[in-house]
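Structure record follows, encoded as structure tokens.
Counting starts at 1 for both ligands and their atoms, in listed order. Keep in mind it's a predicted model, so treat the numbers as computed, not measured.
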Amino acid sequence: MEHPEFLFDASPKLEGETTWQAPSNIALVKYWGKHGVQLPKNPSVSFTLSTACTTTKVAFQPKATEDKVSFELLFEGQAAPAFHPKLAAFFERITPYVPFLKQHQLHITTSNSFPHSSGIASSASAMAALALNIMSIEQMAHPELSETAMLRKASFLARLGSGSAARSITGPMVVWGEHDAYPGSSSLFGVPFEAVHPVFQSYQDTILLVDKGQKKVSSTLGHNLMHQHPYATQRFQKADDHMGALESILREGEVDAFCTLVEAEALALHAMMLTSHPSFILMRPNTLAIIEAVLEFRRTTKIPLCYTLDAGANVHLLYPESEKDSVHQFITHSLQAFCHEGEYIHDAVGTGAKKM
Ligand code: PMV
């Protein structure tokens, strides 16, 4: 049994409903490669977002049989059988830590603030919102559970659904994975990094939607490719070094050093996919066009605008709030044309999930 500190006795049967809204997050140092049960090969750190989020309601009532978790799911108002296998696997993995779930019928209603087909990963916010609802049920049976312990266990459970979901519970930044520069950091759950310079606490993230299609490589496949990867050892070491350097950059508010490090991380993530077997080219021509335009804009204006990438073609633009007007003008004038149907989403660093 993994980590008995997260175990609770089965609870009395309960009835009610709970709703949480959990944000998406964007990694600055990326998690790519895992071992054991959803444990990261290297630590990562992310900005918690505020606009891109998932809202999930869980209504629960006692049921007669207690063999496994029973649930119904409505996604954006409709039945969504495509999500059932992933959810069933998640419930199976977490029931040892929340055994009361087996005694209840769950009615899950969930929706995203962003379009499903936008290419924005929703698994982090979705798993975080679900885990928080489950913890709210546990808290009904165990009111002695402190807020900190509750959020920590929510991150622990969310991680078992999707690794990056461990970083979608609190804000403004969350570290997941052990690193000496971040006291209290753990591979089991995300911990908030609070010593963040004010400039980063209101940082902006505009997500340019380059390719709105389905992901071309699932995270599961991508993480697995790191097992046989020729550069895996160097990558994990580099991520570790980046985590160390980023701690003081974030604390001191060094925006230029931030740009250099964050862009190096984005390219390293894609370099891993370019050099795995099989390999994946997830950038599109417009991704590169945007990157080049961003570098030129930074060189000529000296405005610390930088980019980062997820495992896909979309580009996240990161910049200080004080530069919002200039950057927004630059986006509409020079970058919008590279976006699918001209679409982008303005987001910003947020404070974490909210109980509704
Ligand atoms: O949480 P997963 O298994 O979907 O992996 C996410 C991996 C990246 O988004 C590419 C990087 C990260 O740290 O979020």
Side-chain angles (χ1 to χ4, degrees), residues 22-49 52 54 83 86-87 89-90 93 112 118-131 155-169 171 173-177 179 182 185 187-191 193 205 207 211 214-227 229 232 235-236 238-240 242-243 246 261-274 276 280-283 287 307-316 318 347:
S24 186
N25 71 77
I26 179 68
L28 305 169
V29 172
K30 310 287 181 181
Y31 148 62
W32 200 244
K34 60 181 170 182
H35 66 103
V37 186
Q38 297 277 92
L39 298 168
K41 289 289 258 181
N42 65 263
S44 58
V45 59
S46 51
F47 276 146
T48 301
L49 297 179
T54 300
F83 294 134
K86 191 159 185 188
L87 266 184
F90 172 61
R93 212 178 250 175
N112 293 332
S118 62
I120 297 180
S122 57
S123 58
S125 51
M127 288 301 179
L130 187 53
S155 174
F156 173 89
L157 296 178
R159 180 201 108 226
L160 294 171
S162 171
S164 58
R167 301 187 314 240
S168 268
I169 305 286
M173 307 196 61
V174 179
V175 173
W176 171 44
H179 194 286
Y182 304 84
S185 55
S187 293
L188 300 177
F189 45 80
V191 293
F193 177 57
D205 175 7
I207 310 162
D211 184 355
Q214 284 292 312
K215 283 215 257 183
K216 286 175 191 66
V217 53
S218 74
S219 297
T220 309
L221 175 63
H223 290 296
N224 283 339
L225 289 172
M226 291 305 284
H227 290 312
H229 201 290
R235 163 61 197 153
F236 300 140
K238 193 74 199 162
D240 229 62
H242 277 159
M243 285 295 287
L246 194 55
L261 190 148
V262 163
E263 290 179 353
E265 267 295 312
L267 295 179
L269 171 69
H270 281 251
M272 289 304 103
M273 292 182 247
L274 288 168
S276 58
F280 292 92
I281 305 176
L282 298 181
M283 291 190 206
T287 312
Y307 68 84
T308 189
L309 307 164
D310 254 338
N314 294 340
V315 182
H316 288 248
L318 305 178
D347 208 332

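Interface of Ser162 with ligand 1, defined as ligand atoms under 4.0 Å from a residue heavy atom, comprises 1 (O), 2 (P), 4 (O). Near His223, the atoms of ligand 1 lying under 4.0 angstrom from a non-hydrogen atom of the residue are 2 (P), 3 (O), 5 (O). Remark: ligand 1 atoms within the under-4.0 Å shell around heavy atoms of Ala27 are 12 (C), 13 (O), 14 (O). Near Trp32, the atoms of ligand 1 lying under 4.0 angstrom from a non-hydrogen atom of the residue are 7 (C), 10 (C). Which parts of ligand 1 touch Gly163 is read off a 4.0 Å heavy-atom cut-off, strictly below it: atoms 1 (O). Heavy-atom contacts of Ser219 reach the following atoms of ligand 1: 2 (P), 3 (O), 4 (O), 5 (O) (cutoff under 4.0 Å). For ligand 1, the atoms sitting less than 4.0 Å from at least one non-hydrogen atom of Asp310 are 9 (O), numbered in the order shown with element in parentheses. Here is the list of ligand 1 atoms found below 4.0 Å of a heavy atom in Arg167: 12 (C), 13 (O), 14 (O).
The closest side-chain donor-acceptor pair between Lys30 and Thr308 falls under 3.5 angstrom.
For the side-chain contact (heavy atoms from CB on, under 4.5 Å) with Tyr307, the qualifying choice from Val315, Val262, Leu318 is Val315, the only one to do so.
Under 4.0 angstrom from ligand 1, the non-hydrogen atoms of Ser164 come from both its backbone and its side chain. Residue contacts with ligand 1 for Lys34 are absent, since no atom lies close enough (heavy atoms, distance under 4.0 Å).
In this view, Ser125 and Thr54 satisfy the side chain to side chain donor-acceptor pair (under 3.5 Å) rule, not counting sequence neighbours.
Put simply, the side chain of Leu157 does not reach to within 4.5 Å of the side chain of Arg93, judged on heavy atoms. A heavy-atom distance below 4.5 Å is found between the side chains of His179 and Asp240.
The distance from atom CE of Met127 to atom OG of Ser168, rounded to the nearest 0.5 Å, is 12.0 Å.
Scanning both residues, Tyr182 and Met243, for their nearest heavy atoms gives OH-O, 2.7 Å.
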